[in-house]
2 protein chains.
Amino acid sequence: MSNSDKSNLYTTQFKALSNPHRLTLFRRLMSCCVPGTVCNTDEVTRICVGDLGEGMNIVASTLSHHLKELNRAGLIQMEREGKTIQCWVEPKVLTELASFFAFTESK
Amino acid sequence: MSNSDKSNLYTTQFKALSNPHRLTLFRRLMSCCVPGTVCNTDEVTRICVGDLGEGMNIVASTLSHHLKELNRAGLIQMEREGKTIQCWVEPKVLTELASFFAFTESK
DNA sequence: TCAATAATTCGAAACATGTCGAATAGTGAT
DNA sequence: ATCACTATTCGACATGTTTCGAATTATTGA
């Protein structure tokens, strides 16, 4: 992956997290992590679309749109499971984003 | 700081980093870090506004607007030094953003 | 096959953002 | 005081984003 591709990915990911509703959704899915540790690969939280939007004041189509954005940005995964669609965060996504702020990379 | 204030700060900061020009500016200022380590507090890179925009295809007023956004988001500091205005990144900003992705926080 | 549930797609309206050029303001030197 | 240099503010325009409701698709069970 070229440097400009990496930059594009970061801007896309940060844009996805720049909306309050999307940040809320992402944080709900991030809760697979034990405080003070890196995410446990073996126990990733999976939540279906409907449950994810629970208590958020948005209609289904808006929720769907936001999850699609998070997915397009590579921040969350989505997979149909019977009648529902399950969502989760791959731990690698978190470690890579953390490393963006921790290390110098070429400009 | 309340949880919703923290969320607002994060969305503001991610929004600031979601623009390609602003991400480029931020990364130029991030280069105070030694690869594989946390930023060195004693040697923060300071670059003036004009030099920061060097080689980016934007006019001065646009550059100024973007730096103001980064500053409003708390991502960069700005200080007049004679005829120029110097910009830099406080290392604490980087460690706090890295920790967002490394740890679980309350939803 | 039909109905119920879960979720997506589409189009439209309101709102926010990125960009520029022109005008303005601060600083230091002549 | 005036000039050159550095940077910001302002207004305008084009482009993107957020949101909703209505229509559509996918899946399962009766």
Side-chain angles (χ1 to χ4, degrees), chain A residues 4 7-29 44-89, chain B residues 4 7-29 44-89:
Chain A
S4 84
S7 273
N8 289 341
L9 177 61
Y10 285 128
T11 55
T12 301
Q13 293 184 324
F14 292 141
K15 177 167 285 172
L17 296 176
S18 76
N19 175 277
H21 288 144
R22 285 195 298 266
L23 189 68
T24 299
L25 294 166
F26 186 71
R27 297 185 94 173
R28 285 184 179 183
L29 288 171
V44 171
T45 303
R46 292 167 65 97
I47 311 180
C48 76
V49 171
D51 287 354
L52 258 178
E54 199 60 41
M56 296 178 65
N57 232 24
I58 49 176
V59 301
S61 58
T62 303
L63 174 61
S64 185
H65 165 71
H66 283 318
L67 290 173
K68 192 178 172 187
E69 287 295 301
L70 288 167
N71 180 246
R72 275 196 335 112
L75 290 170
I76 69 170
Q77 309 305 122
M78 303 177 82
E79 186 180 61
R80 180 171 283 279
E81 194 174 301
K83 218 178 331 193
T84 68
I85 292 184
Q86 299 291 318
C87 308
W88 72 97
V89 172
Chain B
S4 85
S7 272
N8 289 340
L9 177 60
Y10 285 128
T11 55
T12 301
Q13 292 185 325
F14 293 142
K15 178 167 286 173
L17 296 176
S18 75
N19 176 278
H21 288 144
R22 286 196 297 265
L23 189 69
T24 299
L25 293 166
F26 186 70
R27 296 185 94 172
R28 286 184 178 183
L29 288 171
V44 171
T45 303
R46 291 166 66 97
I47 311 180
C48 75
V49 171
D51 288 353
L52 260 178
E54 201 59 43
M56 298 178 65
N57 233 24
I58 50 175
V59 301
S61 59
T62 302
L63 173 61
S64 186
H65 165 71
H66 283 318
L67 290 173
K68 192 177 170 186
E69 287 295 301
L70 288 167
N71 180 246
R72 275 195 336 112
L75 291 169
I76 69 169
Q77 309 304 123
M78 304 177 80
E79 184 179 62
R80 182 171 280 280
E81 193 174 301
K83 216 176 337 191
T84 67
I85 293 183
Q86 299 290 319
C87 308
W88 73 97
V89 172

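Taking side-chain N and O atoms only, A/Arg80 has no distance below 4.0 Å to OP1 or OP2 of C/dT8. Contact check, A/Ser64 against C/dT8: a side-chain N or O comes under 4.0 Å of OP1 or OP2.
Nearest nucleotide to the side chain of A/Lys83, out of C/dA6, D/dA7, C/dG18: C/dA6. Relative to the side chain of A/Asn19, the nucleotides D/dT18, D/dA7, C/dC20 differ in distance, and D/dT18 lies closest. Here the side chain of B/His21 is nearest to one of C/dG26, D/dG21, C/dT19, namely C/dT19. Side chain of B/Lys68, nearest nucleotide from D/dT6, D/dT9, D/dA7: D/dT9. Across C/dA7, C/dT17, D/dA7, the shortest atom-to-atom separation from the side chain of A/Cys48 is found for C/dA7. Closest contact between the side chain of A/Thr84 and the listed nucleotides D/dT18, C/dT19, C/dA7 involves C/dA7.
Taking atom CG of B/Leu23 as the reference point, atom C1' of C/dT17 lies 17 Å away to the nearest angstrom. Atom CD in A/Glu69 sits about 9 Å away from atom C1' in D/dT17, given to the nearest Å. Rounded to whole Å, the distance from CZ on B/Arg72 to P on D/dT8 is 14 Å. Across the protein-nucleic acid pair, B/Ile85 atom CD1 and C/dA25 atom P stand 15 Å apart, rounded to whole Å. Rounded to whole Å, the distance from NE2 on B/His65 to C1' on C/dG21 is 15 Å. Per the geometry, CG belonging to A/Leu67 stands 15 Å off C1' belonging to C/dT9, to the nearest Å. Taking atom CG on B/Leu63 and atom P on D/dT8, their separation rounds to 7 Å, with Å as the unit. Between B/Phe14 atom CZ and C/dT17 atom C1' the separation is 19 Å, expressed in whole Å.
One distance of note links SG of A/Cys48 with NZ of A/Lys83; it measures 11.5 Å at 0.5 Å rounding.
For the pair A/Arg46 and A/Glu79, the salt-bridge criterion is met [side-chain N within less than 4.0 Å of a carboxylate O].
The base of D/dG21 lies close enough to the side chain of A/Ser61 for a donor and an acceptor atom to sit less than 3.5 Å apart.
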